[in-house]
Amino acid sequence: MQFVVITLFPELIHTAVQVGVVGRAIERGQVTVQAITPRDFADDVRRTVDDRPYGGGPGMVLKVEPLGLAIRTARDRLPAGSRCIYMGAEGNPLTQRKVNELKKLPGMVLLAGRYEGVDERLLTTEVDETISIGDYVLSGGELPALVLIDAVVRTLPGVLGDDESAQQDSFVNGLLDWPHYTRPQEFTGLKVPDVLIGGNHDAIRRWRLKQALGRTWLRRPELLNGRTMSTEEQLLLNEFKAEQS
Ligand code: 4H3
């Protein structure tokens, strides 16, 4: 999987992708992350990358020509079938379902804006889709691009070790994660649930599924709406509800 991020802050991207799961995937050659900056395509001595908005008002817009050249250069570095995605709060939500769609692509250009954003004509001609990581405004698209890269890379085959991939099952399965515990067995008077100590693997599996269902029902009930539940899941959720009062 190949990513090219278009950004005024390439060092932010390079630094962030060095660590953790994504950093390891890059070291192993499973993923590449390049950054391209419009500044390298600016034609004046000051290397100007912003310009004033038509219609007036405060703030600047990313200058069209250097950004357009940066996008085309990025596209040329990627295989056919790659997509150009703009990170913006007005976009389609980044969900696990969307991540599972994106992971099938050979590569992505991720356009990270700054200032007031990108000229609409570049969005309509060069960008295939706008994606939002949530309903809030950020000062740049770099953090959303890094969020998208992390979410996609961890789904790629062979990126997570066996220990880590079991852990992934929770949101992938449409539910919130279950509670986790480590040593000591008692901490500040709080005990680890007995079932996790016993070593009965089926009891543990059922407890975790029940907690995942129960927490989803408590905290994010809308996630259960479109989801078909097995007989076991219905039984466990009913048990959880009965224990609530
Ligand atoms: C994405 C980008 C929020 C999100 C963003 C999100 C800066 C877009 C600039 C950048 C424009 C002006 N904010 N929720 N901000 O995913 O290029 O907003």
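None of these values were measured; they are calculated from a predicted model. Just the heavy atoms: all of them, side chains too, but no hydrogens, waters or symmetry mates, feed the values below. Read the numbers this way: they start at 1 and go in the same order the structure lists the ligands and their atoms. Position 1 is the first residue of the sequence; numbering continues from there.
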- Message: For the CG atom of L67 and the CD1 atom of I6, what is their distance to the nearest 0.5 Å?
- Response: 6.5 Å

- Query: In terms of hydrophobic clustering (I, L, V, M, F, W, Y; side-chain heavy atoms under 4.5 Å; direct or indirect links), are L105 and L78 co-clustered?
  - Reply: no

- The remaining residues in the hydrophobic cluster of I197, counting side-chain heavy-atom contacts under 4.5 Å among Ile, Leu, Val, Met, Phe, Trp and Tyr, are Y181, V192, V195, L196, I204, W207

- Query: At their closest point, which heavy atom of S82 faces which heavy atom of D128, and how far apart are they?
  - Reply: O-OD2, 4.5 Å

- Message: Within this structure, what is the CD1-CD distance for the pair I131 and E90, rounded to the nearest 0.5 Å?
- Response: 12.0 Å

Ligand 1 N/O to protein N/O, distances under 3.5 Å:
unit_1   : atom_1 : unit_2 : atom_2 : d
ligand 1 : 13 (N) : L138   : N      : 3.0
ligand 1 : 14 (N) : S132   : OG     : 3.4
ligand 1 : 14 (N) : G134   : O      : 2.8
ligand 1 : 14 (N) : Y136   : O      : 3.1
ligand 1 : 15 (N) : L138   : O      : 3.0
ligand 1 : 16 (O) : I133   : N      : 2.8
ligand 1 : 17 (O) : Y86    : OH     : 2.7

- Note on the structure: Rounded to the nearest 0.5 Å, the CD atom of E129 sits from the CE atom of M87 at a distance of 9.5 Å

